[in-house]
Amino acid sequence: MDDRARIIAKEDRISNLPNGIIHRILSFLDMKYAVQTSALSKRWKHIWTSMPHLNLNSQTFRTSDKFVKFVNDALSHRNHGLEVSTVELSVEGGTLHFNEVVTSVVNYACSRNVRKLTIEWFWNIKLPGCLFSCHTLKHLTLTTHDDTAAYGLSVPNSPWDFPALETLYLTNIEFRQIDDYIEYRSSLNLFSKCVNLKDLTLHRCYMFDVDIFDVCAPQLSTLTIMDPFRFPKVFNIVAPKLKCLTASVEDMCSNFLQLLVEDLDSLEKVNLSVGPHPSQEKRHVLGLLDLFQKLCSAKFLILETCSWLRYINFHGYWLSSLLLVYYNLFRSLLSTCREFLRKPCPFNNLKYVKIEKQKNRTTKVPTYIKNYFLKSSPRVTFVNDLPKVPQKRSREEVHEGTIAKKVSNVTKAQQKKSREEVDKSTMVEKALSSCMDQPSHEPPPFHNMKCLNQTDRIPITPIEFRNQLLESSPSATFHMDLPQVPHKRSRKEVDKGTMAKKGLSSCKEQLLHKASPSNLKTSNQKDSIPRTPIEVDKSQLLKSSPSTTFNMDLPQVPHKRSRMEADNDTMANTLDKEIQQTKIVDEEKRRLEEKISMQDEHIAEQKKMLEAMKVQHEKKMLEAKIHMQDEIIAQQKKALLEATKLLHENGILEEKLQDKVIAEQKAMLETIRLQNEKRMLEAKIQRQDKIIAEQKTMLDGMRLQLQHEKIGTEPGNIDS
Amino acid sequence: MSKKTLTLMSKDKQLFNIEEHLAVQSVTIRNMVKEDGASSVIPLPRVDSETLALVIEYLNRQQAPEEDEDYVKKFVDERGEIPTLLELAQAALDLDIKKLMDAACMKVADLIKDFTLEEVREALRIENDRTPEEEKAIRDEFQWAF
């Protein structure tokens, strides 16, 4: 009964759903459906009239006339005292009636304090002027799906009066300066009254003869200018709270994005969509450089392909601006690119650079392009397409940063000493400086670098590049992708540092003060080849960066080397003794040679013995085989005899006797054949025996000869 | 600072514990906590224990912000029966958990969007209290919507 009562209670509760729930459910459905629910029951007749969410779609009606009638009737039947929070209007298919519908819906919404308004249309429509002075509107979306129909849509060219507006999303809107007959002043300033605007999107905008398009909004934090048909000559952006800027850098008419910016101090993320235009690459590069300089306070930089260009395959090139720079190098635009890369990168606070790659291309970001960013933004991380990477990295970086600090403290004392060593190796330094590239001489501008991550496949950061970085950021460590590695390395480094130092100092003394014998020289050279680069690095780096640490890729290698060096040291100490003892060594050598010859003889004898053993073994095996065959023959004979006896008993005499005789003859033949085989084998065995005997005698002779030779050599030794 | 636990009591007097920082996703509970510190048991006289268990499960989710939307969608998808969803929506309305209520209502809307009126009546336990003549009169009145 309890269960049943509970079910009944539940059903009651459902049938008495509060209007809030019903309104919310209906808000996800089309308005036409919502009105139809009035037929469900008496209670439902008026529920829809107070729902705050209107969802009007012309596509749910067969004709535009029916839709127009529906909208008019539905609006007139609504509870007029209530506000409307959200209105979505979608008119597809063209008729002049839709202007009427749009006007009445917008008027209705604005008069009822609408907060969110979305209008989508397909055909050219006219927006009522009252829309652009709606003081309650928080979110406005104006979208047309037809690229060609948008032009001519009239939006006011005086400032839009949306004091509450937070989100504005405009697609396919044409902006046009109409009042220019009074005074030629082709600038548009539409958002200055939108004092609460936080998120502005201009998608596929068309600026018809607009010189300056002002985006002046004090609260604006996100600005998106994507896939434009036509840019104004200049976007004037005055948005002190702008955090995120997403923009295509080139419009459909090949105009480059021009920005005039004022205090973008809050800027964090810049996402530039790049479309390479083969005929205008130089301009493109310069334009990009200009953008970099204007957006230099950004911490995140994303460069990707402009979405409408994704459909066009430009000779299979990697569609990214940086690769564009890369390709420019090969297109004899060297001057531009060098200029581009030689100037310090304007971004001085970048954390991540994401460079989109074209699919099925494994081309890496060239190192010099990375260097370009790294010169002024030492903490920059090059991110691939993984969205979660940045978050993880930033955590790791914090960790790594602290480790790097520790390591730098620990190794400071050591490095002061190693500086002195460095002075000694000026020769090496000279050689290095001649090999270094030009940019290495210019110290990078940053001085506080902690760590550097590279996520590409280049296994080791190029040495020149490290040097460059470390010149001004002494506590920098170079990390590969694995987060654990830096920690381990930094610990090992401390050990290695001391080990290597010992090894180095001892080896140096050796080199400077001792004329080492020929044997030792060669062994030292082997060592010095891998070791020299380390010294070179240090000398270069430690001059300006006393707390530098260096990681090799294989952590074990330096350790081993330093051990070898230590061995060499002891070798050198004992060298003189060794020279004195060379004679003794020679004698020992001779004795050893003798021993070796004796052992050789032994081995030869043993080999022969083995061969003999083998032959004997084979002989035994053959004999055993013959024995087996004999037994088989005997058995067969017995069987034959029994068979004949049986035949006799059965009374079948003459024919069977003949058969028996034949069988016996066959058996006889078999035995003869087997005997022959036996004889053949015995003969073979005898022959092998003979060979063995001969070999034995040969061995004896050789032994005698060897003894003679020994006797002959020993007196010679004594003489020499 | 140890995590404070709140106790919620369902219509059928069952008690549920939940950590305060998770419970305050409900605006109703947040306001109660603000007002009187939510010292003792919070009674929810309109929510049965089955539904409250679901609500607690929802509040205890540990999703990353970017995965939360998918999780909520999946959460209501798995309770795809209209009565359960409506109970959940009502509980979410009472407790003022907007995300959960929206997700539940959206799922219901999705389920009933192709239903005939008769099927909607059945699904939402609506008794047709009109005579056929009255119903025809209504359909005529709103014929522009049919």
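Here is the naming used below: chain letters follow the sequence lines, and residue numbers restart at 1 for every chain.
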>> As a quick check of understanding, evaluate ring-ring contact (aromatic ring centres under 6.0 Å, His included) for B/F142 and A/H77, giving each step before the final call.
In response: CA-CA 10 Å; B/F142 294 110; A/H77 273 82; 5.5 Å; yes
> Would you call B/K99 and B/D68 a salt bridge, taking side-chain N to carboxylate O under 4.0 Å as the test?
Replying inline: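 So B/K99 pairs with B/D68 through a salt bridge.
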> Is the shortest side-chain N to carboxylate O distance from B/D70 to B/K74 below 4.0 Å?
Replying inline: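 Between B/K74 and B/D70 there is no salt bridge, as every charged N stays at least 4.0 Å from the carboxylate O atoms.
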Could you tell me which of [options] has the largest number of non-hydrogen atom pairs under 4.5 Å with chain B?
options                    : value
A/K69, A/K32, A/R43, A/K66 : A/K32
A/P18, A/S27, A/G20        : A/P18
A/D73, A/L29, A/V35        : A/D73

Can you tell which part of [X] gets under 4.5 Å to a heavy atom of chain A, answering side chain, backbone, both or neither?
X      : value
B/L93  : side chain
B/D110 : neither
B/E135 : side chain
B/I82  : neither
B/E118 : neither

Is any side-chain heavy atom of [X] closer than 4.5 Å to a side-chain heavy atom of [Y]?
X      : Y      : result
B/F16  : B/T7   : no
A/L165 : A/L140 : yes
A/V114 : A/L54  : no
A/L245 : A/L267 : yes

>> So for A/Y33, is it side chain, backbone, both, or neither that comes closer than 4.5 Å to the heavy atoms of chain B?
In response: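 Only the side chain of A/Y33 comes within 4.5 Å of chain B.
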>> Does any backbone or side-chain atom of A/A34 lie under 4.5 Å from a heavy atom of chain B? Answer side chain, backbone, both or neither.
In response: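 For A/A34, there is no contact with chain B at all, as no heavy atom is under 4.5 Å.
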> Do you know which of B/V120, B/L86, B/D129 has the most heavy-atom pairs under 4.5 Å to chain A?
Replying inline: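 That would be B/D129.
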> chain A: which of B/R121, B/K113, B/M106, B/Q90 shares the most heavy-atom pairs with it under 4.5 Å?
Replying inline: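 Most heavy-atom pairs within the cutoff with chain A belong to B/Q90.
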> Is there a donor-acceptor pair under 3.5 Å between the side chain of B/S26 and the backbone N or O of B/L95?
Replying inline: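 Yes: the side chain of B/S26 pairs with the backbone of B/L95.
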